[in-house]
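I have placed the structure first, in the form of structure tokens, so that the comments after it can refer back to it.
Quick note on labels: first sequence line is chain A, next is B, and so on, each numbered from 1. All values derive from a computational prediction rather than experimental measurement.
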Amino acid sequence: MADFKSKLKGLFFFKEPEKIEKFILKENESRNSSSENKEKDSEEREGRTSRDNNNKESSKKRGVKTPIARIKQVGAKDEEKSEGSDEDDKGSKDISGMTKVSKKLSDNLAYIKEKYTIPVNSDIVIREFNITVKGKTIPTFIVFIDGMTDTKVLDLAILQPLMLLSNMEIKDDDNEVGNIIRDHLLPHNQIQIVTELSDVVDDINFGGCGVFVDGIDKAFTADVKGWKSRSIERPNTEMVIRGPQEGFNEILRTNTGLIRKILKDEDLIAENISVGRRSKTPCSLMYIKDIANESLVNEVRRRLEGIKIDYLFDSGELEQLIEDNPYLAAPQILATERPDRVASMLTEGKVAIVVQGSPFVLVMPTTHIDLFHTPEDSYLRFPYANMLRIIRISAIAMSLLLPGFYIAITTFHQEMIPTDLLFAIEASREKVPFPSLVEILIMEFAFEFIREAGVRIPGPLGSTLGIIGGLILGQAAVAANIVSPILIIIVAVTGIGSFAVPNFSLGYAYRIIKFVYIFLAATAGFLGIAIGLFLQGLWLTSSKSFGIPFMAPIAPVTNGGLTDQILRTPIWKQEKRPDFLNAKNNRKQEHFSRKWVQDDKKK
Amino acid sequence: MKKYKFISFIIAIVLQGTMLTGCYDAREIDDMAYPIALGFDKGESNELRMTLQIAVPVNIAGGEGGGGGDGEKGVTVVTVDTPSIYSGLSMLNTFLSKQINLSHLKAIVFSKEIAMEGVSKYLHAMIRNREFRPNARVIVSRCPAEEFISAVKPKLETNPAKYYELLLSAYKYTGFSTDTQLIGFYHKTESDSIQAVAVLADVSEYESSDEFSIDSSTYKQKGRSYPLEGDFKAGDLPKTGELNIEVMGLAVFNGGKMVGELDGEETTYHLMLEGKFKSMLFTMPDPMDSENFIVLNIMKSRKTKKKVEMHGDKPKLYAKVFLEGDILSIQKGTNYENEKNTPMLEEATEIFIKEGVIKYLDKSINVFGTDTNGFGKQYKSKFLTWNDWEQFDWLTKYKQSNYEIDIDVNIRRPGLITKTVPEVIGN
């Protein structure tokens, strides 16, 4: 009984909770570490001694020791212990001040170990061994990152020759160890001799293998990349019926190779520029030397080189970093998954940027009309292509204006509706409790929900969404008198229209602007829509993409640029490149590209 | 700082846009009542008796996503005595829950009585308001407008608005009425080169087919021994059925005042002269045997040519009407498809139509004295200045006109029978 009583007591009376110390991420700690990161670069240049002083100062100021600094010291000590014998404290101090490859193998090893925080970092592999050159045994080590390298290639092309071939007699008078190794002992196709330690580290970070040999102040890096990647698949966002079905994948060289495979042009330049102070993401700036305008190429290069960020992951980020106007709704750089599209744009005199790790290649400059095109347009015969373009443009106009039009007509301009339809709308709206603005917003938001959920939903649940979306939001909303059936049609047509936008970014832009038009129409009817169109026109015509007016060649009108813009002429009439691109060579085919027609007449 | 400036600018625009306009004009569709016909009678307790036929969309479109509507319940009719149109609308809204919106008005009905007095004052009021559709049709009802509107009970369609639209464009294939849109009607009442007509309509007088009589037909005045299909005015047709109203013939206006009526046949000739004629099924006596009929499908082949010349003080009107016809029926069995006989048929048709046109024009000049056919419009181009034309006073001069009419008929197609063979009767 007493037990029961005390239990009851425990239930109803206040008991002081036990004190549990939980982990809390403190603000100043993280701030310190980030500022420490900043300091690190400069410290490396200044050397270890000054760094120790700094550490003391900073620790005095903030009273907290940074974890990174500590780890580094631990790493350094570890390496001292393992290396042991001939290293003293002075030597270890020199290591972090090193920038060039040292003649002493142990220095290099220590540097690498400190740099990669070994043994904390588990996927960095250092393999030490000896090689024999001209009878001399030389200690050597290679370093690479497990998982990023192809171990087979590493074994066959680096380790095996160094360890086995070096024992064979080398018929060469050259006694320089470095040269012998390069010329005879490393039968790999991409060997670079580097003297800067940072270059070696960059290469290792990008799936290379560093080879250090005792006694020479050079290191070798071999390209033994072997990371797993997606194979070349169909481009998911830009499907075509007629035309090549290859899409880019995440590997830079595969992507540049895909473009080069199509163009087969020695004037195609692929400049290497790396972006990101830490990530050093390799980007390839591609253009055709004797077509693309030099100043355009220089501008793109200037913008690429002027980016100061730590990490760059995707071309989507790069796009935001180099575009002209980040506040403009429409994208000013075209991102495409299709090598053939990039190739055809390069031949017009545009510039492409391929980013390592992104299946989307950026093409610039881009005009608004480019965003309406699909790669298929030029593969189809011109009557079909034109029909598609007209349909596409009207679909895009629908996706932008239809909800606004509906609001404007039903709330301001009832006289425009055919009487039969008017009565149908009125009858269906009779029991709907909301004004049409609220009604359309409900449905548009519902549709946007479905859309967003459709992208995020896990595959097995996909069919659930169809049921919820189609049945509940469509049929049940009408049955519950929350929306009128006509509105479902409006929202559906708008949705379908927005899927017909060939450029995904532009689709987003128009989805947002659509809401602006809904509100404009609700405040002032057609007047509001007209004002909206006017302002949007101003906005777009005043913007530029890499020095080219965004609405070219419509505003400003340029000479003879309309062969493949809104509509398309037959391919043999597209003799010139768009004038606004100011390409070095403006003509892309001879005046008579169908030469055989002339030959026919002669007979 | 610059960014905040931009943002505050945007906010200011948005606030002004919404606050100042405040959705001022915005009305939801279902917050309004849409009359489809508006009738004017002489009022008894006040100046004007106004009748509105208001659509009930729930009954028309069925609501609830289907169910089908009912033509009779699709409308409700309200009548009010009022000093003017707009005061009447206000009076109506004291008991109609929804605001009246006239933008879908299909028919404006004047009773004959009020049309005789003049409709200009009402026309002005209507034209001034943007809600009145310019393409609403003007109708003159021989009975009170209230009675006419109440009698409109469409059977073939659920939507009475559609009924008006289709019924009043039937002239394109009957030739018995015309297109009298409000805007054109108004312009013609104000014009000094052409005068207005309005469609004539009435409620049928016969309850059953036993009561049919052709006493009120116009065939006797035309010297016929039997009426043809065009020898009636609205309300006189020997017909019965659930559809109670008739639309046939025209009311002729001089300015805003009605001066006379035309029957169906005369309406056809009016259409031919004015140039609005499209096609019709045309019955005429067989030239070889007046006991039997020939039926042609007559169509316009070219635009009517009109010309006016002044002979002294009197205008002379020239008109040439170009028609073509398909043979629909030859009752007698004469072989008119034959190369020799076709010209004979053509000539007979020309003479028959010409006689009719002359009779109509005679009536137009001498009885009504109104140029509803647009000869004045033709002649206006001969004047250098507007003042000259105004002083010329065409509408008065028209009353002394002579005329010369030419009809050109081509028989084109005999239909599916290419050679008529008389019936063979065995002994």
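Within 6.0 Å of the CZ atom in F95(B), the count of heavy atoms belonging to other residues, nucleotides or ligands exceeds 12. Within a 6.0 Å sphere centred on OH of Y86(B), heavy atoms belonging to other residues, nucleotides or ligands number more than 12. Atom CD of Q475(A) sits in a sparse spot, with 12 or fewer heavy atoms from other residues, nucleotides or ligands closer than 6.0 Å. In F515(A), the CZ atom is crowded: over 12 heavy atoms of neighbouring residues, nucleotides or ligands sit closer than 6.0 Å.
Of the atoms belonging to F519(A), not a single heavy atom falls under 4.5 Å from chain B. No part of D31(B) comes within reach of chain A, as not one of its non-hydrogen atoms sits under 4.5 angstrom from that chain. Heavy-atom distances place no part of L102(B) under 4.5 Å from chain A, backbone and side chain included.
Taken to the nearest 0.5 Å, the OG atom of S436(A) stands 7.5 Å off from the CG atom of D30(B). Here the CD1-CG distance, from I29(B) to L421(A), works out to 7.5 Å after rounding to the nearest 0.5 Å. The distance from the OG atom of S103(B) to the CD1 atom of I417(A) is 8.5 Å, given to the nearest 0.5 Å.
Among A424(A), G525(A), P435(A), P418(A), the residue making the largest number of heavy-atom pairs under 4.5 Å with chain B is P435(A). Ranking M416(A), R429(A), H413(A) against chain B, the residue ahead of the rest is R429(A), based on heavy-atom pairs under 4.5 Å.
Looking at every heavy atom in both residues, D420(A) comes nearest to K162(B) through OD2-CD, 3.7 Å. The two atoms that bring P57(B) and A427(A) nearest to each other are O-CB, 3.6 Å, heavy atoms only.
The closest side-chain heavy-atom distance from F412(A) to R27(B) is not below 4.5 Å.
Under the 3.5 Å distance criterion, the side-chain polar atoms of H104(B) are left unmatched by any main-chain donor or acceptor of F423(A). Side-chain N or O atoms of E426(A) include none that pairs as donor or acceptor with a backbone N or O of V58(B) at under 3.5 Å.
The contact list for residues 394-411 of chain A toward chain B, using heavy atoms and a distance under 4.5 Å, reads T410(A), T411(A) by residue number.
One finds no salt bridge joining R133(B) and E415(A) here, because no Lys/Arg side-chain nitrogen approaches an Asp/Glu carboxylate oxygen to under 4.0 Å.
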field: Audit row: T419(A), E165(B), side-chain contact (heavy atoms from CB on, under 4.5 Å) steps and yes/no
entry: CA-CA 10 Å; T419(A) 310; E165(B) 275 174 7; 4.1 Å; yes

